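Note sheet for the following structure.
As a basis for the values below, the full set of heavy atoms in this structure was taken, side chains included, without hydrogen atoms, waters or symmetry mates. Since this is a predicted model, take the numbers as computed values, not measurements. Residue numbers start from 1 in every chain, and the chains themselves are labelled A, B, ... in the order their sequence lines are given, proteins ahead of strands.
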There are 2 protein chains.
Amino acid sequence: MTTGKESKPRRVTAKQVAQAAGVSRSAVSRAFTPGSPLDEGKKRKILQVSEQLGYRPNALAAGLQSRGRSNLVAIVTGDLVNHYDSEILAKLMRGLYAMGKWPVVLGGSAETSEAEILEVLAYPLDALILRGGSVDESVATHCAKLNIPLIVSGRVMDAEGVDCVCCDNMRGAELAVTQLIARGKTRLGYLGGLAHLSSDQERKAGFESALTKAGFKPAILEHSDFSYEGGYEALTGILSNDVELDGLFCANDAMALGAIAAGRQQFGLSIPSDLSVVGFDDIAIAQWPSFQLSTVRNDMDQTVSQILRLLTERLDQPEKASETILIKPEFISRGTH
Amino acid sequence: MTTGKESKPRRVTAKQVAQAAGVSRSAVSRAFTPGSPLDEGKKRKILQVSEQLGYRPNALAAGLQSRGRSNLVAIVTGDLVNHYDSEILAKLMRGLYAMGKWPVVLGGSAETSEAEILEVLAYPLDALILRGGSVDESVATHCAKLNIPLIVSGRVMDAEGVDCVCCDNMRGAELAVTQLIARGKTRLGYLGGLAHLSSDQERKAGFESALTKAGFKPAILEHSDFSYEGGYEALTGILSNDVELDGLFCANDAMALGAIAAGRQQFGLSIPSDLSVVGFDDIAIAQWPSFQLSTVRNDMDQTVSQILRLLTERLDQPEKASETILIKPEFISRGTH
DNA sequence: TTGTACGCGTTATCAA
DNA sequence: TTGATAACGCGTACAA
């Protein structure tokens, strides 16, 4: 057993490799830079010594160079308890690996601390991807000052030089309402998530406008928190108050699943004959045999590929005009509507 | 619109702030180093100019220093489609933020590429946390050569200087078997996940040993892939082959939920009177009203806090003896056994 | 309290 | 093809 603070053992450097191999430091650097002019035998020797000593060029020091990049990209994700957030995070990370970028992940829990984001900006990030959490727009100002490209997804941020990728939430809500009405449902309710999020506001607005256009009025407009438990409690509350309802559009899948469970267990409702329920996002469990949830697909693959495209272009052309991409939602018809 | 490759705009440096504020560059450095001797008025001036220019000390360059750290910690996670993996990742990330460390997240999908891990070792990481994915032990060798502390969780790795935190899987499986037998179930089956993972092997071994000790034989030993769909298909297959079964222990919750759905929908079974099902992990959806799954808790909070403790101690004492921590599982009695 | 000078590990430039 | 040398941006020992 050892006690007390010990000195940190240091990593092997190019200098040490150079000495051990009997070459100059520059030669070592060249051995690891494809296309550099270097004698083939000398290169082999260097690589062999490096292997033996466990040498790898330090990516940090390389990123310090004039034209160097850190290849670090920060991602701010929403609460990973929400399956949409964890699923799209996985896809986004894979895309970044393929680009040779490494994701530094922030958030992941209910409260996304603004301070955390500002702290991580101390790193010379290649970009910051704001995918979830409720973060103030002032982040855009900080990024701009630090020359860190900002890409926002899941909402639209109207700031200079900020690229956005967002689902057409209004359209998605309209799709849901149209499909419910097509099934003969007329007393429709809306179950929203956190009301301060623009995605919720847009879905709600889409719901109301589509309903009005069809000549109906909302049976109820309720809010919860995007969680399964929240959806369960919300529908329990609504039905306990004798609200007449034959269709419910929920702002995400988790709440829809919770509402379905409450309807069945607390009120003995048959889904969809007594009550139709439609969700939003199309997370993996929506298609589990137990659920077979009808929902509006918030396409993750399209979203991720657009984010990656915008990132690539922005890195290549820092001054190019910013874009806002709207992803088209699609109604997924399963068994709950 | 702009075309072609443009030069990357550079970040404001301490030198520029020094010039703008009319002070030396070291003064700027001191202004951002708490406890450094510096005239109060000069410090205010520097901070004000920095604010205006948008200057932040570059964490990368700072980490290059002799006694500096990168404060970057890589985490290898398993497939984020598995809720256990995404839930524990979120908790682990929060713990790292609290320590002032930033998580570079790898994996997250079915195939964890070994090459990805080796590539990220180009960064002078403070540590590598191997939490999921099926990664070869050779990673330990690479980490050792690069002086990057390695902490493994979810399995035990018997390598020099590697700390481990793992659930006592044998004991967990025994708990499940004991509880099933206590309910009068005697024809018990085991539904495993990916058979090459040690966690699966240990749970299976625990199942068999506990059953033998109680004087019974396994009704069936089956394997799947840790997914809901896999569990659904596996039980469908088992029951289609007329295996007599009154209790099923699954190597994780997702498969247990799938198996329950299959039993109910495909064979009209009543759970638990016809068939008891017990899972492993205790993910969040295990306690959803629709499921109320009886399971063995693989405690995430304990696991995470042990990982963080080992990390802290390892950073403080690089040469201290390595530890292997076994987390005690707990049976969570709900409605499916 | 201040500024100068050096080191961190790398890549890029330049003259040989 | 080579090796010496200058950046890169920062912290800090050292001398003033």
Side-chain angles (χ1 to χ4, degrees), chain A residues 7-46 50 53-72 121-126 146-148, chain B residues 7-46 50 53-72 121-126 146-148:
Chain A
S7 74
K8 181 180 130 199
R10 298 200 67 81
R11 198 177 161 108
V12 175
T13 71
K15 190 177 178 182
Q16 296 172 38
V17 173
Q19 286 173 344
V23 299
S24 73
R25 265 162 302 156
S26 321
V28 177
S29 191
R30 281 192 254 268
F32 286 90
T33 306
S36 272
L38 182 63
D39 177 79
E40 193 55 40
K42 195 178 267 188
K43 179 172 182 176
R44 265 207 310 279
K45 169 76 176 170
I46 292 174
S50 297
L53 264 52
Y55 170 75
R56 306 272 315 259
N58 183 328
L60 239 68
L64 211 55
Q65 234 64 229
S66 313
R67 284 185 289 286
R69 292 190 191 280
S70 69
N71 288 324
L72 257 25
L121 292 179
Y123 291 82
L125 304 169
D126 281 5
L146 293 163
N147 282 316
I148 296 177
Chain B
S7 74
K8 180 179 132 201
R10 298 198 66 79
R11 196 178 162 109
V12 175
T13 70
K15 192 177 177 182
Q16 296 173 37
V17 173
Q19 286 174 343
V23 300
S24 75
R25 202 181 48 74
S26 30
V28 176
S29 192
R30 282 192 252 268
F32 285 90
T33 308
S36 272
L38 181 62
D39 178 79
E40 192 55 39
K42 194 179 269 190
K43 178 172 183 176
R44 264 208 310 278
K45 170 74 175 171
I46 292 173
S50 298
L53 264 53
Y55 169 76
R56 306 270 317 259
N58 183 329
L60 238 71
L64 213 55
Q65 235 66 229
S66 313
R67 285 183 291 285
R69 291 191 190 281
S70 68
N71 288 324
L72 258 26
L121 292 179
Y123 292 82
L125 304 170
D126 281 6
L146 293 163
N147 280 316
I148 295 177

Which donor-acceptor pairs under 3.5 Å do the side chains of residues 19-36 of chain A make with protein atoms, sequence neighbours left out?
residue	atom	partner	partner atom	Å
S24(A)	OG	A27(A)	N	3.3
T33(A)	OG1	S29(A)	O	2.9
S36(A)	OG	T33(A)	O	3.4

Exercise. Under 4.0 Å from any atom of DNA chain D, heavy atoms only: list the residues of residues 11-24 of chain B that qualify, in numerical order.
Key: T13(B), A14(B)
Identify each atom pair where a protein N or O and an N or O of nucleotides 12-16 of chain C are less than 3.5 Å apart, giving names and distance.
residue	atom	partner	partner atom	Å
dA12(C)	O3'	R67(A)	NH2	3.2
dT13(C)	OP1	R67(A)	NH2	3.2

Practice problem: Only counting residues at least two apart or in another chain, list the ones meeting side-chain hydrogen bond (donor to acceptor under 3.5 Å, both in side chains) with T13(A). | Solution: none
Exercise. Report the nucleotide, chosen from dG3(D), dC8(D), dC10(D), that has the shortest atom-to-atom distance to any side-chain atom of L64(A).
Key: dC8(D)
Quiz item: Looking across every strand, which nucleic acid part, if any, lies under 4.0 Å from L38(A) by heavy atom: base, sugar-phosphate, or nothing?
Solution: sugar-phosphate
Quiz item: What's the verdict on side-chain contact (heavy atoms from CB on, under 4.5 Å) for L72(A) and L60(B), showing C-alpha distance, side-chain angles and the deciding distance?
Solution: CA-CA 11 Å; L72(A) 257 25; L60(B) 238 71; 4.3 Å; yes
Self-check item: Spacing of N58(B) atom CG relative to dC8(C) atom C1', expressed in whole Å
Solution: 13 Å
Self-check item: Degree of bending, the helix from dT1(C)-dA16(D) to dA16(C)-dT1(D) (end axes from five pairs; round to 10°)
Solution: 50°
Exercise. Please list, chain by chain and in numerical order, all residues satisfying side-chain contact (heavy atoms from CB on, under 4.5 Å) with A61(B), sequence neighbours excluded.
Key: L64(A), N58(B)
Quiz item: Base, sugar-phosphate alone, or nothing: which one does F32(A) contact when heavy atoms must sit under 4.0 Å apart?
Solution: nothing
Self-check item: base_contact_polar (dG11(D) base, R25(B) side chain, donor-acceptor, <3.5 Å)
Solution: yes
